[in-house]
Every structure is written in structure tokens, then in C-alpha cells.
**Student:** 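First the structure, which I've put down as C-alpha cells, then a few questions once you've had a look.
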Amino acid sequence: MGLEKLLPSLIRASLDEDYRTVRSIAMRLIRRIKDTHPSIANEIAEALSQHGVGASTKRSVGISNSPVDTETLFSLVTVDEPLEVARPIFSDKVNELIDTFIQERRESKKLMSVGLNPPSSLLLYGLPGVGKTELAKYLSGVFGLNLIVLDLSSTISSYLGKTGQNLKKVLDYAKSSPSILLLDEFDAVAKRRDDMSDLGELKRIVNVLLKELEDWPNHTIVIAATNHPDLLDSAIWRRFDRAIEIGLPDKDERIKILMNELTGVNMSKDLTKIIHVIGEMAKGLSGADICKLVERAKRKSVLSEISLEDALLRELPDFIKGDTVEFNKQFCKLAKEKLDVSIRTLATWLGKSPSTIQYYLKEKGGNLDDR
Ligand SMILES: Nc1ncnc2c1ncn2[C@@H]1O[C@H](COP(=O)(O)OP(=O)(O)OP(=O)(O)O)[C@@H](O)[C@H]1O
Ligand SMILES: [Mg+2]
């Protein structure tokens, strides 16, 4: 059986949790690739040998059993092996801060040899969907470190009363081997300690955290991400080596994200122009919104058998909140100027009559500032 048959069968069997079949296909895979890809064959063999002896197969790649809540036995964190992912698109300033962090980590030995600590903690803050979690994944790939994710908002609600204890377990686990610990939705726990609505428990948790962060070991990176930096205690801010604000993408960044999401698509001249207009119009959208827009447009284009250009333009108004008439005016003016399209085409794109389009073009308004 060739690889093209083995792989789908392997995936089906894993999804069905049919371990007997998984093992038998894995053995065949090993036989097929042991000469051409000996290290991959070894890695599979190692995972097979761990399975069924009570350990997670991830142990074979250095991931030990993750901490669980003592009562419910639910896992407190997710642990992912490092994957090489592309760096999200950020401003030059954010990129510079990230590059410095990476470089300083890479030069850890040199820094330590003169008694300086390399940076080991980052606080990422910014609106939802700007790429905070994605940046943690990217750094896990860059450093080849497992990514341990603790979602604090769900931990706090489901383990109220035991959060402090569970948090301690997670922190100890993260410190036990080189890794990146992502404290997601960090504001859920790090609420201002003088907040009147704070429960006594939250205060204890913040104290645990402050103490742990104080002497955090160099081999593990801790990244906290939050949408509500204003809720964070100033003592917490101080504990992080670097706080990075990730803003919404500007026009050029939006265009880059669009281009990335359309990699592999045949870039006609029209599509390139339309991307520029969309990039300009999509002011206020996050990276996540833009990715969603492209995904919806791709689906629409396939199912409605329209071009991707049309689909993108038809989906766009949904993402841009506010006055639709104002949106239509802006869109028509920009498209006319940049794309030189006919009134009829604009009418089809916006689902309006040609006379309405003429009205939009003549009317005042619809001017964009240059962001
Ligand atoms: N700057 C960006 N460049 C490229 N893609 C992005 C960017 N920001 C977000 N995305 C896309 O959106 C998805 C969601 O982003 P992510 O989960 O990192 O946002 P977040 O800032 O962590 O949001 P939240 O605060 O809601 O957790 C990413 O997987 C990525 O595909
Ligand atoms: Mg996130």
C-alpha cells in the first residue's frame, strides 16, 4: 500500500480511536520509510513504544504527563509540540521588539557569562484577534520549545476555590522542563488587587503569581496575553521583562495579511488591485477578521461559482460595521479611482441599481483618512 493510501487510513483509524489499526499502519509506515527517512521512522517507533504503558505518547518528544485537577482529573493545560508557523504580520516596532527578544534568548549563554539574565517573560496586550496567541505559537516554533497553554478564564470559572492550588501545579509543571508557558486571558486572574469585587482567592492567586514570576527559571519562557491591560496590577507589569502592545494592523499590514491568506491563489491584476482597495477599506479590522473574510469569500466563490474578486467584495460590507450608505459611498469612490470599474460592475458587487451607484459617486462623503 502506498503512502497516499496509508495516511488517510491512519487518520481515520486515529479519529476512531482504533489503536490496533493505528499500530498496524504505523508499523507498515516504518517499514516503508526506514531507509529514506530513518529519523522519522525512529520517532514513530518511539511513540509506539510509549503507547499503552500508561504514558502519553507525547512523552517520546519530551512532553510528560500534564497536570490535572485532583478531583475531576481534567487536564489543566494543553501542551503542543513546537510547530514552525509563519510570523504574524506586525508593525515594524513590534517586529523589532520580537527580534530583540529572540536574539537575546539565543545569546543567553553570552549574557549569563557576564552575570546578566536573558529575558524570559513577555506580556502581550491588545484587542482580540490581533495575533497574541499566534505570536506565542510562532515563538514556540522559533525556539523549538513545547507550548503549554493555560486558559485562565476557563480555569478560574471551573475550579473556583482551587484555582490557586491548580495554578501552582501548572507553574511547577512549566518550570520542570524547557518550554513556553502561555497564560492566556491573563486578566482573568491578574485583576487589580484593590478591586473591591475581588474575592480573597483572587488576591492569593495574584500573590502566588507575583512570587513565581520573581524567580522564574531561565529555561522556560512565560508569556501572558490579555485584552484588558487596564485590569492588570502595576506589580504584575513590573514582573515581566517586556510588555508588547499589539495594535490593529494598519493599511499596509492589512494588505500583507490579505496577500498571505491568498497565497497559492492565482493573482490576477484585478485581484491585486481589489486587495489594495479592501486593505484600505478594512480599517479597524483585526488580523483574525481579515482571515475570516478571506475564508468566507473563498467558500462563497466555490459554492456560488463567482470569482474570488467578486466574493471578497461581497463579503466585505459584513465585516465593516457602521453606516452602510457611508460604506457604499467610500467603496464606490475608491473602486472607481483605483480599479476603474464600470458603474454596472459596482452595481453587481454591491447588489444595488446603477442609478444608486451614480448617486453614491456624486454624493459628498465617503472620504477615507490615510490610515
Ligand atoms: N497580525 C496577524 N497577522 C496574520 N494573521 C493574524 C494576525 N492576527 C491574527 N491573525 C489570524 O487570526 C487568528 C487568531 O489570532 P489570535 O488567536 O492570535 O488572536 P489573539 O490576539 O490571541 O486574540 P484573543 O485576544 O481573542 O485571544 C490567527 O490564528 C491568525 O490566523
Ligand atoms: Mg488569544
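Remember, it's 1-based here, ligands and their atoms both numbered in the order they're listed.
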**Student:** Answer yes if the side chains of T348 and T345 hold a donor-acceptor pair under 3.5 Å, and no otherwise.
**Tutor:**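 T348 vs T345: no donor-acceptor pair found between side chains.
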
**Student:** Output all residues satisfying salt bridge (charged side-chain N to carboxylate O under 4.0 Å, His left out) with E84, sequence neighbours left out; order by chain, then residue number.
**Tutor:**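 Expected list: none.
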
**Student:** For residues 119-132, which side-chain donor-acceptor pairs fall under 3.5 Å, sequence neighbours excluded?
**Tutor:**
residue, atom, partner, partner atom, Å
S121, OG, D241, N, 2.9
S121, OG, D241, OD2, 3.2
K132, NZ, G126, O, 3.1
K132, NZ, L127, O, 2.9
K132, NZ, N227, OD1, 3.1

**Student:** Just list the N/O pairs, ligand 1 to protein, that are under 3.5 Å apart, with the distance for each.
**Tutor:**
residue, atom, partner, partner atom, Å
ligand 1, 1 (N), I89, O, 2.7
ligand 1, 1 (N), V130, O, 3.4
ligand 1, 3 (N), I89, N, 2.9
ligand 1, 8 (N), G129, O, 3.4
ligand 1, 8 (N), V130, O, 3.2
ligand 1, 8 (N), G131, N, 3.3
ligand 1, 18 (O), K132, N, 3.4
ligand 1, 18 (O), T133, N, 3.3
ligand 1, 18 (O), E134, N, 2.9
ligand 1, 19 (O), G131, N, 3.4
ligand 1, 21 (O), V130, N, 3.2
ligand 1, 21 (O), G131, N, 3.1
ligand 1, 21 (O), K132, N, 2.9
ligand 1, 21 (O), K132, NZ, 2.8
ligand 1, 22 (O), T133, N, 3.0
ligand 1, 22 (O), T133, OG1, 2.8
ligand 1, 23 (O), G129, N, 2.7
ligand 1, 25 (O), K132, NZ, 2.7
ligand 1, 25 (O), N227, OD1, 2.7
ligand 1, 29 (O), E134, OE1, 2.9

**Student:** Does a side chain donor of either N260 or T263 reach within less than 3.5 Å of an acceptor in the other side chain?
**Tutor:** no

**Student:** At a cut-off of 2.8 Å, what protein N/O/S atoms sit near the Mg ion (ligand 2)?
**Tutor:** T133 OG1

**Student:** Going by atom types only, do N218 and N117 share a side-chain donor-acceptor pair under 3.5 Å?
**Tutor:** yes

**Student:** I'd like to know if L316 and I306 are part of one continuous hydrophobic network [Ile/Leu/Val/Met/Phe/Trp/Tyr, side-chain heavy atoms within less than 4.5 Å].
**Tutor:** no

**Student:** Does the pair E280/K338 count as a salt bridge with the N-to-O cut at 4.0 Å?
**Tutor:** yes

**Student:** Can you find a pair of side-chain heavy atoms, one from L135 and one from I246, that are under 4.5 Å apart?
**Tutor:**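 Yes, their side chains come closer than 4.5 Å.
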
**Student:** With the threshold set at 4.0 Å, does a side-chain nitrogen-carboxylate oxygen contact exist between K168 and E212?
**Tutor:** yes

